Amino acid sequence: MTDYKHEDLVVRRGRRSGVTTMIAAHSRVLGPAIGGCRMKAYPRFQDAVDDVLRLSKAMTYKCAAAGVRFGGGKSVIALDRALSPEDRRAVLLDHADLIASLGGSYLAGPDVGTGPEDMLVLREKGPYAFCVPEQYGGSGSSSGPTAVGVLAALRAGARAVFGDESMAGRRVVISGLGAVGAHLAASLAEAGAHLTVSDVDESKRRSAADSGFEWADPDKAMEIPTDVLIPAAIGGVLSPDVVARLDAPLIVGPANNQLIDDSVADLLAERGAVWVPDFVANAGGIVYTLAREVDGLDHAAATARVEGIEQTVDDLLSGDGSPLGEAVKLAEGRLSA
């Protein structure tokens, strides 16, 4: 906690399920802490704690850079077993109790392992979750808006690197074919890009082939020579060793915490690669959700706000410093103001 300087880390073992759940609030300077609820198994308890602390800090910078009136938080349900439907509901209700105990100072949304239907369960204990299904008055999955934001960031990055934003004929590698990665693949294929995709789920290989995409082993995807690399799976994928083998002039994607640490941004610059900071590129989901559910905008107006990520990235890439340095300066300026 001394290293991370968070406001809160709250951990509780669920009274129904016995599963450990936790919430980290990094900063509430701009408003209540907001961040997704991640449900997954971790090798060690400390790994779950590290994840929730790291992700909540990233949310502070994401919200500040995006200009929304919320702070940074995250929650984790650290699974210790496979869940039956009954177990899953018990775990979610336990987590909902923990969220409700904070009285609205932390607000949840979907993340890895959870979705809009799970947010409905969290809502049973209070109005502290976003992205419930649209038929229940929410904005539904944020995957599509997140992909829209990444594509907006990609247009700005392509202009800076290639001189124009067209993806026609560009080689693109997408590492991670989850909900957002699949959206990106479909959009980029339609734009004429030549796609290579990878995922740890081998079952997705068939659908990739049916779509005309080349397939790469997940361990090798980051090393394939390409025009654009899109990290769309887990975080911590850009390490000094990986960067030494990269052959991609532009890197922009939705994965959180792509860098092992901030020093890797300098290594990327030395390699001549333009990396659009993840907390800027992947902010489309929260921008859209808050525009719909807090500000009451319709789909078109909320999407227009997401498209504003393009101008933000234009500004970052035209600044005097590195893209990461410029993004941090933008976020910290809003936090200090």
Side-chain angles (χ1 to χ4, degrees), residues 1-15 17-65 70-81 83 88 91-115 118-119 121-122 125-126 128-131 142 146 178 231 233-237 254-262 278-279 282-283 285-286 289 331 335:
M1 290 293 287
T2 301
D3 292 338
Y4 284 96
K5 303 187 186 304
H6 286 57
E7 291 186 15
D8 291 309
L9 172 63
V10 186
V11 183
R12 182 178 296 170
R13 186 174 300 279
R15 63 181 177 85
S17 66
V19 171
T20 298
T21 75
M22 61 189 74
I23 297 170
H26 177 259
S27 170
R28 298 185 180 94
V29 168
L30 298 177
I34 185 174
C37 169
R38 178 166 293 199
M39 184 189 296
K40 60 175 287 189
Y42 291 86
R44 302 176 305 139
F45 173 77
Q46 186 61 48
D47 295 326
V49 173
D50 289 344
D51 208 22
V52 76
L53 291 173
R54 183 174 60 249
L55 290 165
S56 58
K57 180 178 179 181
M59 282 300 301
T60 293
Y61 283 84
K62 182 186 296 190
C63 289
F70 288 84
K74 205 75 176 184
S75 61
V76 158
I77 298 172
L79 296 180
D80 57 5
R81 62 184 185 273
L83 299 179
R88 185 180 185 89
V91 167
L92 287 166
L93 287 173
D94 285 336
H95 194 53
D97 285 341
L98 181 57
I99 292 171
S101 73
L102 298 183
S105 67
Y106 166 73
L107 303 167
D111 196 74
V112 173
T114 63
D118 298 314
M119 299 304 103
V121 180
L122 298 186
K125 298 296 181 177
Y128 308 126
F130 292 112
C131 298
S142 61
T146 299
I234 60 172
V237 292
N256 287 308
N257 296 319
Q258 295 167 21
L259 308 183
I260 288 290
D261 62 60
D262 288 354
D278 42 33
F279 61 84
N282 64 17
I286 63 163
T289 298
L335 289 165

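These numbers come from the heavy atoms of this one structure, side chains and all, not from hydrogens, waters or symmetry mates. Computed from a predicted model, the values in this text were never measured in an experiment.
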As a quick check of understanding, evaluate side-chain contact (heavy atoms from CB on, under 4.5 Å) for L122 and Y128, giving each step before the final call. CA-CA 7 Å; L122 298 186; Y128 308 126; over 6 Å; no

Give the intermediate values and the outcome of side-chain contact (heavy atoms from CB on, under 4.5 Å) for residues V52 and I23. CA-CA 7 Å; V52 76; I23 297 170; over 6 Å; no

Could you walk me through whether N256 and R38 satisfy the side-chain contact (heavy atoms from CB on, under 4.5 Å) test, starting with their C-alpha distance in whole Å, then the side-chain angles of each, then the deciding distance to 0.1 Å, before giving a yes or no? CA-CA 12 Å; N256 287 308; R38 178 166 293 199; 4.1 Å; yes

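Residues L335 and S27 approach most closely at CD2-OG, 4.3 Å, considering heavy atoms. Of all the heavy atoms in G109 and T114, the pair that sits closest is O-OG1, 4.3 Å. Of all non-hydrogen atoms in P110 and F130, the two that sit nearest each other are CD-O, 4.0 Å. In terms of heavy-atom proximity, I234 sits nearest to A255 at O-CB, 3.7 Å. V76 approaches A48 most closely through the heavy-atom pair CG1-CB, 4.2 Å. Closest non-hydrogen pair, C37 versus M119, comes out as CB-CE, 4.4 Å.
Here the straight-line distance linking atom CG of D50 with atom CZ of R44 works out to 7.0 Å at 0.5 Å rounding. Between the SG atom of C131 and the CG atom of D111 there is a distance of 10.5 Å, given to the nearest 0.5 Å. Note that CZ of F70 and CE of M59 are 10.5 Å apart. Values are rounded to the nearest 0.5 Å. Distance NZ/K40 to CG/D47: 8.5 Å, rounded to 0.5 Å. Here the straight-line distance linking atom CD1 of I99 with atom CZ of R12 works out to 11.0 Å at 0.5 Å rounding. Interatomic distance, R15 CZ to D97 CG, rounded to the nearest 0.5 Å: 5.5 Å.
Between R28 and D8 there is a salt bridge, since a side-chain N of the basic residue sits under 4.0 Å from a carboxylate O of the acidic one.
Screening L55, N282, I34, D278 against K62 for a side chain to side chain contact (heavy atoms under 4.5 Å, CB included) leaves a single residue, N282.
Between Y106 and V10, the closest side-chain pair of non-hydrogen atoms is not below 4.5 Å. N257 places none of its side-chain heavy atoms less than 4.5 Å from the side chain of K57. With contacts defined as side-chain heavy-atom distances shorter than 4.5 Å, the pair L92/I77 qualifies. Side chains of S105 and E7 form no contact here, defined as non-hydrogen atoms less than 4.5 Å apart. Side-chain contact check for Y42 versus T20: every heavy-atom pair is 4.5 Å or farther apart. Proximity of H95 to M39: side-chain heavy atoms (C-beta onward) are nowhere separated by under 4.5 Å.
Under 3.5 Å, the side chains of D94 and S17 contain a donor-acceptor pair of N or O atoms.
Side chain of T289 to main chain of I286: no donor-acceptor pair is present (N/O by atom type, distance under 3.5 Å, no hydrogens or angles). H6 places a side-chain N or O within 3.5 Å of a backbone atom of L53 that can act as its donor or acceptor partner.
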